[in-house]
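Quick notes on the structure that follows.
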Number of protein chains: 2
Amino acid sequence: MPVAPPPLTRLPLNALRAFEAAARTGAFTLAAAELGVTPGAVTAHVKALEERLGAALFERQARGVRLTALGLAAVEELTGAFDALAGAEARMRALALPREVHIATLPAIAQLWLSPRLPALRAAAPEISVSITALEAPPNLKRSLHDLSLFPGTSGGRLVAEDALFPVCSPALAARLRQVEDLAGVPCLSDTAWDRDWEVWLAAAGAQVAVRGPVFSLYALAVEEAVNGAGVLIGHGPLVAGHLERGTLVAPFPRRVSLAAGFRLWSARPMQRGGAVERVAEFLAGQAKAA
Amino acid sequence: MPVAPPPLTRLPLNALRAFEAAARTGAFTLAAAELGVTPGAVTAHVKALEERLGAALFERQARGVRLTALGLAAVEELTGAFDALAGAEARMRALALPREVHIATLPAIAQLWLSPRLPALRAAAPEISVSITALEAPPNLKRSLHDLSLFPGTSGGRLVAEDALFPVCSPALAARLRQVEDLAGVPCLSDTAWDRDWEVWLAAAGAQVAVRGPVFSLYALAVEEAVNGAGVLIGHGPLVAGHLERGTLVAPFPRRVSLAAGFRLWSARPMQRGGAVERVAEFLAGQAKAA
DNA sequence: AGGCATGGCTTAACTTTCCTGACCCTAATT
DNA sequence: AATTAGGGTCAGGAAAGTTAAGCCATGCCT
């Protein structure tokens, strides 16, 4: 077996990864956040790579950095290579643990849409182990370890649930609401991540009402509060459907605003026919018809 | 700018590289040698990767390791990804230092063939800086930082010099050699890396002579010793041509054995038209006609 | 067969490298 | 003038890699 001679200095993998992330995101701090390290580490890595090359990859500016021509020329190829590495690891994982499926989704969707459906999924495919990771933003599917990603989006992927906005509240509170203008007199709950919701619905309703009320960072918590009569929540159809069915929440006004961005399911990699990931994806897609 | 969420545990690049090298070479020790680390480090990396995956990548055997099906499935993709990374870095280097050309070759070729031609190369292309690395074995061109590789080979690349075997010695010593059998009475110099040379030449000469003499690990040293009259060296045509021209060495016997493996020039990557690497390659290829 | 050397992986204590955390700096924004 | 956003820097500490010894089948040798 011929042995290739040892490199004088082996390929600085971590430095290349740091540079790639910095170049792709456009900032050291963003790269550091993505990699889960501190900005100082990114600084050091990029500097090491620049010293190794004997040329600058970024122009340092007062605020932020900008890629040099050299840096720009290298990003694309590096991104592809790291995507390939991540893909290789994901495939190894899939082979090692063929019955595990990892889903990334919004905390709200995880708690209010996915969680209620898990018993049926377990019943349909008891041998599959489904892990759910709640993320505030969709992961980079080429890099993350997730198999499926369920996030609001206007295109791509596979539509799993249409989204529509409309106020919901407890039946007791609904009795006090005759017209849209009455909203000004009650707490109007909302979520930090969806801070335009009331605005959008009120515009569609043609109302000039200034709604006010507590803002939650967890939508599920806002839903609970609405159930408890704490106020009127601007509801997302798929996330409050269960409560509407059970009557714990009601929609005081008939107007529903359909959103272009429905809940969509993306697959990180081509799914193996008949594999666990495909079965889970099929189950979730089947929920669109069921609803 | 949307930031992809940080991975729970980022891709273990060094572990993947260690595994890839181990899988490709088939042994941890060979992988360690190629990476320039100790076997213990490879052991640790592979173990870490196996623990991360929750599955074995190698079957440990009394003597050596063997890839599992899982390991086998992953090698090819990883190899490709690391090749791409190395290629990306090499291209960055080429962009950063467009006037530098790195050549890998045998120590003997470096000293006895390449070195004498460097003044002409410098004269022809004064702005190009040529670095030469002497290696006992050809590097993996997809991984190494070299641009060109000049090694004996029977196919591929571009033939730069034909190789032929024949004894050479100082003129004084040659006077004592009438027939091939006289070789038994004088020290017969040889090189450790080319330990079959005498055997090959004697077989072609149809002689049943047992030649004996000092063995050198540096062919250039053996040549010097031959010049100094220390014995008869089994000469490689392109490597002793200079001394033959100057008369400091002579060939006491007319028989020359042409070798199938001539000195061949490989390029690590597609050469840029008109670039420094191409110019150096053209110069070296031109030496074939000149000789 | 018995004995011994060998090749290859592993393990454990030590050392070097890399990352963190807190700070400083600059320029744009309020 | 104060604040904010983004990079750079430095001392201290965690996680690499190294060195050296250990282990265990194989295979050679007498």
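Each chain gets a letter, A, B and so on, in the order its sequence line appears, and its residues count up from 1.
With respect to B:Lys47 and B:Glu51, no salt bridge is recorded, no charged nitrogen being found less than 4.0 Å from a carboxylate O. Note on B:Glu89 versus A:Arg52: salt bridge recorded, some NZ/NE/NH1/NH2 to OD/OE distance being below 4.0 Å.
Rounded to an integer number of Å, the gap from CD of B:Glu51 to P of D:dA15 is 14 Å. The separation between B:Glu59 atom CD and D:dA25 atom P is 15 Å, rounded to whole Å. Look at CZ on A:Phe28: it is 14 Å from C1' on D:dT9, rounded to the nearest Å. Atom CG of A:Asn14 and atom P of D:dG17 are 10 Å apart (whole Å). With rounding to whole Å, B:Leu57 atom CG is found 15 Å from C:dC9 atom P. The CG atom of B:Leu49 sits 13 Å away from the P atom of D:dA16 (whole-angstrom rounding). Whole-Å rounding puts the B:Arg10 CZ to C:dC19 P distance at 7 Å.
At the heavy-atom level, B:Val65 lies under 4.0 Å from the strands shown only through sugar-phosphate atoms. Contact annotation for B:Thr38: base contact, defined as any heavy-atom pair under 4.0 Å involving a base atom. The residue B:Ala44 sits apart from the nucleic acid: no heavy atom pair falls under 4.0 Å.
Closest approach to the B:Ala41 side chain among D:dG17, D:dG7, C:dC9 is made by D:dG17 (side chain taken as heavy atoms from C-beta onward). If you check D:dG7, C:dT20, C:dC18 against the side chain of A:His45, the one that comes closest is C:dC18. Counting only heavy atoms from C-beta on, A:Thr29 has its side chain closest to D:dG7 among D:dG7, C:dC19, C:dT10. Closest contact between the side chain of B:Arg60 and the listed nucleotides C:dT20, D:dT18, C:dT10 involves C:dT10.
Checked by atom type, the side-chain pair B:Asp163/B:His236 shows a donor-acceptor distance below 3.5 Å. A side-chain donor from one of A:Thr79 and A:Glu20 sits under 3.5 Å from a side-chain acceptor of the other.
Taking side-chain N and O atoms only, A:Lys47 has no distance below 4.0 Å to OP1 or OP2 of D:dG7.
Other residues, nucleotides and ligands place more than 12 heavy atoms under 6.0 Å from the CZ atom of A:Arg60.
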